[in-house]
Protein chains: 2
Amino acid sequence: MIANKKSVARLSRYKNALHRFKTMGLVRIFSDNLADAIGVTSSQVRKDFSVFGITGSKRGGYQIDDLFAQLNNILGKDQIQEVIIAGVGNIGAALLKYNGFEKEKIKIVAAFDIDAQKWSDTAPVPVYSLDRLIPFVNARGIKIGIIAVPESAAQMVFDRMVTSGIRGVLNFAPLRLRSPKQCVINSVNLVTELENVIFFSTSGQRIFLGELEADAGAHQVE
Amino acid sequence: MIANKKSVARLSRYKNALHRFKTMGLVRIFSDNLADAIGVTSSQVRKDFSVFGITGSKRGGYQIDDLFAQLNNILGKDQIQEVIIAGVGNIGAALLKYNGFEKEKIKIVAAFDIDAQKWSDTAPVPVYSLDRLIPFVNARGIKIGIIAVPESAAQMVFDRMVTSGIRGVLNFAPLRLRSPKQCVINSVNLVTELENVIFFSTSGQRIFLGELEADAGAHQVE
DNA sequence: AAATATTTGTGAAATAAATAACAAAAAAAC
DNA sequence: GTTTTTTTGTTATTTATTTCACAAATATTT
Ligand SMILES: NC(=O)c1ccc[n+]([C@@H]2O[C@H](COP(=O)([O-])OP(=O)(O)OC[C@H]3O[C@@H](n4cnc5c(N)ncnc54)[C@H](O)[C@@H]3O)[C@@H](O)[C@H]2O)c1
Ligand SMILES: NC(=O)c1ccc[n+]([C@@H]2O[C@H](COP(=O)([O-])OP(=O)(O)OC[C@H]3O[C@@H](n4cnc5c(N)ncnc54)[C@H](O)[C@@H]3O)[C@@H](O)[C@H]2O)c1
């Protein structure tokens, strides 16, 4: 199986579309429908499914319940994924307050900050001292972390996360993290994302629908 | 010139690396240095430059000041880019408070919300009623907008933006926006970004350095 | 000033990703 | 129960992106 970032993102979008189809009362679905719903070709849908070992029935399409279950299984949604955040500033606090993770079986179980003013045992998601990150993650066996600290602190925080057993990081700090141990890093640079919009909308360069689309969600409509 | 999302993101990273080199006192730089700094091959650096018409001197590399100026020009940083935000909730407020846009010549000049409690003429960035979006954008000739409203309001807000003359949108709502007029859309779905981390760090699938790297900033170190 | 070493710029080759095409399967129609 | 129609699954093709490789240029050394 050779998955890539884009194909995983598409699986997630198929799942969301599927959910909508299901609530509309549909029981089965065709690759064409999914393709239309998320804006790719039906070949792409079938190819993606093929890569992840998902099969349907010829002429019969896919049973929505079955497909939904398979996608959830592939995307690790059979169990709740526990996540921690480092940095309860603008971005960290925004993520903590967001209630859209729950329905994706993602649960932010704790946050850590160096600023004592941010600490709280009683908040919906407790905020602890950064010193408690390693023992907490260790004890709970947490594997996923979010970095929302200033750039200057990001590498140090990352190192602690890796030490504590974290194996995947979503990073918002605008730098390239380095690690001696294996760890998946997904860095989202919001400034760059905005710069991309500025570039393509002001350069007058013709971009094609789908060129940005499949990538990280960008597309051009007309 | 055939630019794509990734190449533009790389230009931005070259520029940042260049800034660091400059502050270290360097005057000229080679494709190899830039490659090492941002984690790509030197071929990639030279190819990128070639695509955007940037040239250096054989054996002499690139003059940092000159290269910096060219990158700034390509990325539209000769003038300040004015941007508006719709939705001053978790994400919208985080962006408003962030001070990292300024040094990239991006200025958020106003925000718009449907909730009267959010309105403020006196805030560092004023927050107005959504009704004022179209006249404001029209009058100021603003071309870039950020959508940070709930999914249910996103399409309506987007339509208003396009009507008012906006030509590029950074969208955080998890849906596919549709438009009758041409507009560049870059949708960032933070849930999907986190799902990607979860997938690759728990699937045990071997991913290769660079596979996610160049895409939206994700990479794996070991 | 000539020789040497190094680095660019670019076309060719390789790799990766998306789309097209179609045989095979199986619903639906007759 | 046979035929027709439709849709999958997969292989082939196309398109896009990255890397390779090397001639040409030009710093640097001798
Ligand atoms: N806010 C945005 O819109 C935005 C946009 C682009 C990039 N970013 C990046 O995201 C990251 C977070 O941005 P922000 O605006 O939320 O920052 P912020 O300054 O609002 O918050 C940072 C938080 O991290 C805490 N912190 C500092 N050092 C720490 C440490 N060593 N350990 C734990 N916590 C520590 C601070 O106390 C603070 O609460 C930054 O790297 C920033 O560059 C943010
Ligand atoms: N906060 C996160 O961490 C997060 C994560 C993933 C995705 N998102 C997405 O980002 C978007 C914003 O999320 P949020 O958490 O900031 O939401 P939020 O509910 O905190 O804020 C939304 C804001 O938009 C305003 N609003 C509502 N309707 C409006 C309209 N028609 N015009 C103008 N303003 C309007 C509300 O008054 C509120 O201030 C949502 O689509 C959400 O799904 C957010």
Side-chain angles (χ1 to χ4, degrees), chain A residues 1-11 13-14 21 26-64 66-67 70 205-216 218-219, chain B residues 1-11 13-14 21 26-64 66-67 70 205-216 218-219:
Chain A
M1 178 180 66
I2 308 149
N4 60 40
K5 195 171 175 346
K6 289 188 206 172
S7 69
V8 175
R10 283 196 300 266
L11 284 201
R13 295 210 275 155
Y14 298 144
F21 283 126
L26 299 193
V27 171
R28 70 175 190 184
I29 203 82
F30 303 115
S31 58
D32 247 352
N33 305 131
L34 285 167
D36 288 346
I38 81 161
V40 297
T41 64
S42 60
S43 277
Q44 181 78 86
V45 175
R46 295 196 298 278
K47 186 58 154 262
D48 284 338
F49 287 180
S50 167
V51 162
F52 288 98
I54 295 172
T55 59
S57 121
K58 292 192 177 175
R59 169 82 204 242
Y62 306 86
Q63 294 297 313
I64 289 186
D66 183 42
L67 181 53
Q70 288 193 67
Q205 182 188 302
R206 193 101 208 97
I207 62 167
F208 303 103
L209 185 81
E211 183 177 327
L212 293 185
E213 168 75 46
D215 206 358
H219 63 284
Chain B
M1 179 180 67
I2 308 150
N4 60 41
K5 193 171 173 357
K6 288 188 207 172
S7 68
V8 175
R10 281 195 301 267
L11 283 201
R13 296 210 273 153
Y14 298 142
F21 285 124
L26 299 193
V27 170
R28 69 174 191 185
I29 203 80
F30 303 115
S31 58
D32 246 354
N33 305 131
L34 285 167
D36 289 346
I38 81 161
V40 298
T41 65
S42 61
S43 281
Q44 181 79 85
V45 175
R46 296 197 299 277
K47 189 65 131 195
D48 283 338
F49 287 179
S50 168
V51 162
F52 288 97
I54 295 171
T55 60
S57 123
K58 293 191 177 177
R59 169 80 206 242
Y62 306 85
Q63 294 297 315
I64 288 185
D66 184 42
L67 181 53
Q70 289 194 67
Q205 183 188 300
R206 194 99 208 101
I207 62 168
F208 303 103
L209 185 82
E211 183 177 326
L212 293 187
E213 170 75 47
D215 206 356
H219 62 283

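Proteins get letters first, then strands, A, B, ... in listed order; numbering begins at 1 in each. Keep in mind the model is a prediction, meaning the values are calculated, not measured.
Separating the CG atom of Asp48(A) from the P atom of dT10(D) is a distance of 14 Å, rounded to the nearest angstrom. In this entry the distance linking CZ of Arg46(A) with P of dA24(C) reads 16 Å, nearest Å. What separates CZ of Phe49(A) from P of dT8(D) is a distance of 9 Å, to the nearest Å. The distance between atom CD of Gln63(A) and atom P of dT7(D), rounded to the nearest whole Å, is 14 Å. The interatomic distance linking Lys5(A) (NZ) with dA18(C) (C1') rounds to 18 Å, in whole Å. What separates CZ of Phe52(B) from C1' of dT8(C) is a distance of 18 Å, to the nearest Å. Between the P atom of dA16(D) and the CZ atom of Arg10(B) lies a distance of 16 Å, rounded to the nearest Å.
Pairing each heavy atom of Ala35(B) with each of Ser42(B), the nearest pair is CB-N, 3.5 Å. Between Ala3(A) and Phe52(A), the shortest heavy-atom contact is CB-CZ, 3.5 Å.
Among the atoms of the strands shown, none is found under 4.0 Å from any heavy atom of Ser7(B). Within the 4.0 angstrom heavy-atom criterion, no nucleotide atom of any strand lies near Ser42(A). Backbone-only contact: Tyr62(B) has heavy atoms under 4.0 Å from sugar-phosphate atoms and none from a base. Residue Thr41(A) is in sugar-phosphate contact alone, with no base atom involved, counting any heavy-atom pair closer than 4.0 Å across all strands shown.
The residue among Ser43(A) and Lys58(B) whose nearest nucleotide of DNA chain C is located toward the 5' end is Lys58(B). Take the nearest nucleotide of DNA chain C for Lys47(A) and for Gly60(A): the residue whose nucleotide is more 5' is Lys47(A).
Nearest to the side chain of Lys6(B), among dA18(C), dA25(C), dT17(D), sits dT17(D).
Contacts of Phe21(B) classified as side-chain contact (heavy atoms from CB on, under 4.5 Å), with partners at least two apart in sequence or in another chain: Ala17(B), Met24(B), Leu26(B), Ile29(B), Asn33(B), Leu34(B), Ala37(B), Ile64(B). Applying the side-chain contact (heavy atoms from CB on, under 4.5 Å) test to Thr41(A) and every residue at least two apart in sequence or in another chain returns Ser43(A), Gln44(A). Taking the side-chain contact (heavy atoms from CB on, under 4.5 Å) definition, one finds that Asp66(A) meets it with Gln63(A), Gln70(A), sequence neighbours left out.
Taking only side-chain nitrogens and oxygens, Ser57(B) never comes nearer than 4.0 Å to OP1 or OP2 of dT8(C). Contact annotation: Asn4(A) does not reach the phosphate of dA16(C) (side-chain N/O to OP1 or OP2, under 4.0 Å). Put simply, Gln44(A) has no side-chain N or O that comes within less than 4.0 Å of OP1 or OP2 on dA17(C).
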Give me, pair by pair, the N or O atoms of the protein and of nucleotides 3-5 of chain C that are less than 3.5 Å apart, along with how far apart they are.
residue	atom	partner	partner atom	Å
dA5(C)	N3	Arg59(B)	NH1	2.9

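The salt bridge (charged side-chain N to carboxylate O under 4.0 Å, His left out) analysis of residues 41-52 of chain A, with sequence neighbours excluded, yields the pairs Arg10(A)-Asp48(A).
Looking at residues 28-35 of chain B, you'll see Arg28(B) sit with a heavy atom under 4.0 Å from some atom of DNA chain D.
For the atom pair OH (Tyr62(A)) and OG1 (Thr55(A)), the distance works out to 8.0 Å, reported to the nearest 0.5 Å.
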